[in-house]
Amino acid sequence: MNLYKLLSPSQFKAVTIDNIPICILAGAGTGKTHVLIHRIAYLISKGAKPENILGLTFTNKAASEMRERVEQLIPEAFQRIVLGTFHKIGVNLLRRYGESVSVSSSFVIYDSKDSDKLLKEILNQLNISQDYFGLLKNQIEKWQNAGIMPDQIDNLEKRTVYAKRSYVLYVEKLREIGALDFNSILIKMNELLKFSDKSELIKSFFQHILIDEYQDTNSIQAEIVYSLASTAKTIAIVGDDDQSIYGWRGAKSHNMEEFLKKIPNTHLVKLEENYRSTSLILAAANSVISNNNKRLGKSLISKKGEGENVKVVKTSTDRQEAEFVINDIKIRMQNKCNLNEIAVLMRSNAQTRPFEEILRFSQIPYRLIGGMRFYDRKEIKDILSILKASLNFKSDIDWIRAASSSKFSIGLVTLSKIKNFSTFNNVPVSSVFLSLDLMQNAEIALKMANKIKNFTNSIINLKNLTQHANAFEVIQHTLNIINNKELANEERFKNIEQLLSAAQQYVDDCSVYNQNPSAIGFLENAALLSSSEENELLTKVQEGAISLMTIHAAKGLEFDIVYIVGMEEDGFPHLRAMGEQEGEKINKLEEERRLAYVGMTRARYELILTYAKRRLVRGQIQNRIPSRFLSEFSSKKFFDKTF
DNA sequence: TAGTATGTAATTTTT
DNA sequence: TTACATACTA
């Protein structure tokens with residue numbers, strides 16, 4: 001392999017420096033993935049065993065893209081490389097070694113909706129009003145993201161007393177149930193690497209570490225990386241502090257700087273040659289982002305020539321804005337453009353509406369990326385809760401949900417009786433379900449108790465089935481338990497069919513990778529998938545369609561032509577993202593600006609930014625002023641489309 | 001128990 | 001405006 005031929009000088013450095021830790025500051029479109037896969041190939045060519053290489057990414061999509069590209073480069077090794085998201089790798093390690101950090105090997109994953117439900121129940125139990133749910137959840141997540149356990153919290157302010165109380169019970173409940181939420185997967189993974197008796201063993205597998213999107217790691221993920229770095233032979237982190245857009249979820253863009261300080265002798269390599277966008281687009285993006293103060297500092301240089309000016313378009317209303325964009329696309333269609341290369345980006349999901357309406361009316365194919373997670377849909381959660389109930393008799397929320405969505409007409413009154421009885425006597429809900437005596441104590445009428453018995457019997461049957469049947473067969477069987485009403489609704493039935501084909505797909509995939517196609521594994525996959533990834537897996541790939549999505553969802557993607565719509569104050573930067581305190585305000589504004597930067601740098605050849613003078617917000621017409629970001633760059637052409 | 005009526009609150013969402 | 005949750009009635 002001739003590396004010189006394929007890599008620029010700085011890329012070459014990023015690939016081949018292997019005697020000291022390396023931090024690669026990779027701007028948008030500078031060939032980051034290219035560098036990562038070549039680095040893997042380089043390490044293998046220097047004698048590293050593929051199974052000792054660990055690549056950590058943030059999305060499954062990024063992981064599978066990397067895997068595919070490694071396959072092309074070194075087909076003999078790609079299957080042995082350990083490549084996945086922090087969460088996925090964490091789950092795999094915990095299934096194997098979890099016992100040493102008191103995690104049962106058969107733990108289930110609670111996704112965010114499950115966790116919310118559990119927390120709501122805890123608030124009930126503690127007699128705390130649901131009005132505080134958001135506030136408390138926020139605080140608990142902050143603690144989790146920082147890796148702070150309930151017993152480490154002191155110096156309580158008045159407002160955190162309740163948060164701590166709920167946090168204590170929340171953690172306790174999760175442990176009792178044998179469940180891990182997303183954050184505790186990372187917390188336990190960190191514990192495993194840092195304090196457990198398996199720490200040295202695990203770290204000895206992972207000799208070469210590569211970490212992608214480092215700017216979006218939270219404190220625990222950084223801790224995990226430091227643990228790995230302490231024994232690894234080589235380590236490379238890759239990221240772009242200007243593209244850190246998940247601060248609201250605990251990401252610390254500052255982690256890159258911290259890595260440089262904390263890991264001695266780390267070499268910093270900057271990738272600043274942009275192979276994606278034309279220079280006028282880059283000039284605009286650079287100019288916007290230069291208004292941020294907290295930066296490691298870098299400036300992208302285009303390798304693609306000047307190109308066209310960025311366009312800024314003003315319209316009268318949001319409706320007109322959508323009409324303008326779609327007309328513009330129609331003109332392009334007459335010149336036979338590739339619709340896959342056009343994206344309409346926006347700050348929030350709710351803004352897609354007028355675009356969807358007009359696109360459908362104009363019969364222009366489009367795909368909506370993101371939004372509601374497939375596995376968050378009611379009918380899907382209902383089916384999976386039946387399955388989860390059969391796999392875990394301690395998961396109260398699944399037992400309640402399963403019962404109420406079953407065909408046995410067990411209603412709210414009965415269920416709240418059982419729930420109250422179970423909390424009061426401190427036994428799992430399933431124990432009440434399973435015992436006629438306890439049901440009697442809970443004042444359940446005999447007729448109802450018999451219905452419940454039918455329900456529990458079918459759950460037990462399902463449990464037995466999971467012992468030997470594969471994921472597809474198991475899911476199919478749950479359809480016998482679910483309320484027929486769910487199957488009657490056409491929309492829902494379609495989704496359920498998709499669930500079945502996803503299960504079939506999973507079984508097939510397992511046979512390729514020689515894994516057990518169990519229902520547990522399928523659930524795990526379902527929980528760890530993001531909405532945009534599901535989109536790709538579940539919907540048939542549609543040829544030639546424009547993409548509609550939030551800027552967050554567009555991260556990592558690129559298009560020839562990009563429209564960013566709704567460039568108005570309070571919309572973007574978003575009103576709710578601006579925070580209350582002065583100091584916080586600046587941080588939040590900087591994150592909004594990074595988001596603008598991410599959006600702008602998605603475009604290869606043309607970037608069109610639009611805003612409306614008036615917009616319908618929650619049924620109310622609002623007057624709007626153009627986004628401050630529009631005045632932060634000069635390489636633009638202005639069009640007034642108001643009339 | 002199940003269907004209907006009212007109230008309420010609304011970013012972003014890699015896992 | 002709309003989605004969702006809770007409250008109310010048949």
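We name chains A, B, ... by the order of the sequence lines, and we start the count at 1 in each one.
By the 4.0 Å N-to-carboxylate-O rule, A:Lys381 lies close enough to A:Asp111 to be salt-bridged with it. Checked for salt-bridge contact, A:Glu213 and A:Lys555 meet the test: a charged N lies under 4.0 Å from a carboxylate O. Salt bridge status for A:Lys32 with A:Asp212: present, with a side-chain N to carboxylate O gap under 4.0 Å.
When each of A:Lys88 and A:Ile245 is assigned the nucleotide of DNA chain B with its nearest heavy atom, A:Ile245 is the one assigned upstream, toward the 5' end.
Across all strands shown, A:Leu412 has heavy atoms under 4.0 Å from sugar-phosphate atoms exclusively, and none from any base. In this structure, A:Val413 reaches the bases: a heavy-atom distance under 4.0 Å links it to at least one base atom across the strands shown. Residue A:Leu616 is out of contact with every strand shown, counting any heavy-atom pair closer than 4.0 Å.
If you measure from atom CG of A:Leu548 to atom P of B:dT12, you get 14 Å, rounded to the nearest angstrom. The nearest whole Å value for the distance from the CZ atom in A:Phe408 to the P atom in B:dA2 is 13 Å. For the pair A:Leu557 CG and B:dT14 P, the computed distance is 12 Å after rounding to whole Å. Rounding to whole angstrom units, CD of residue A:Glu121 and P of C:dA5 are separated by 14 Å. Taking atom CG on A:Leu575 and atom C1' on B:dT12, their separation rounds to 14 Å, with Å as the unit. The distance from atom CG of A:Asn349 to atom P of B:dT13 is 5 Å, rounded to the nearest whole Å. Separating the CD atom of A:Glu591 from the C1' atom of B:dT14 is a distance of 13 Å, rounded to the nearest angstrom. What separates CD1 of A:Ile551 from P of B:dT13 is a distance of 10 Å, to the nearest Å.
Regarding contacts with the backbone of B:dT13, a side-chain N or O of A:Thr550 is found under 4.0 angstrom from either OP1 or OP2. Of the side-chain N and O atoms in A:Thr414, one or more sit less than 4.0 angstrom from OP1 or OP2 of B:dT1. At the phosphate of B:dT14, neither OP1 nor OP2 sits under 4.0 Å from any side-chain N or O atom of A:Asn60.
Taking the P atom of each, B:dT13 and C:dC4 are spaced 16 Å apart, rounded to whole Å. C:dT6 and B:dT11: their C1' atoms are spaced 25 Å apart (whole Å).
Out of B:dT14, C:dT1, C:dT2, the shortest distance to the side chain of A:Thr59 is found at B:dT14. Nearest nucleotide to the A:Arg618 side chain, out of C:dA3, B:dT14, C:dT1: C:dT1. Here B:dT11 is the nucleotide among B:dT14, B:dT11, B:dT13 with the atom lying nearest to any side-chain atom of A:Ser348. Out of B:dT11, B:dT1, B:dT13, the shortest distance to the side chain of A:His552 is found at B:dT13.
Taking only distance into account, the side chain of A:Arg347 meets the base of B:dT12 through a donor-acceptor pair shorter than 3.5 Å.
Taking a centre distance below 5.5 Å and an interplanar angle below 30 degrees as the stacking criterion, A:Tyr246 does not stack against the six-membered base ring of B:dT12.
In this structure, the side chain of A:Gln215 does not engage the main chain of A:Met256 through any donor-acceptor pair within 3.5 Å.
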**Message:** Does A:Gln144 form a side-chain hydrogen bond (donor to acceptor under 3.5 Å, both in side chains) with A:Asp181? I'd like the steps, not just the answer.
**Reply:** CA-CA 10 Å; A:Gln144 284 187 313; A:Asp181 66 9; 3.1 Å; yes
Using a 3.5 Å cut-off and no angle test, enumerate the donor-acceptor pairs between side-chain atoms of residues 85-95 of chain A and protein atoms at least two apart in sequence or in another chain.
from: A:Thr85; atom 1: OG1; to: A:Lys88; atom 2: N; distance (Å): 2.9
from: A:His87; atom 1: NE2; to: A:Phe182; atom 2: O; distance (Å): 3.4
from: A:Lys88; atom 1: NZ; to: A:Asn525; atom 2: OD1; distance (Å): 3.3
from: A:Arg95; atom 1: NE; to: A:Glu524; atom 2: OE1; distance (Å): 2.9
from: A:Arg95; atom 1: NH1; to: A:Ser105; atom 2: O; distance (Å): 3.0
from: A:Arg95; atom 1: NH1; to: A:Phe107; atom 2: O; distance (Å): 2.9
from: A:Arg95; atom 1: NH2; to: A:Phe107; atom 2: O; distance (Å): 3.0
from: A:Arg95; atom 1: NH2; to: A:Glu524; atom 2: OE1; distance (Å): 2.6

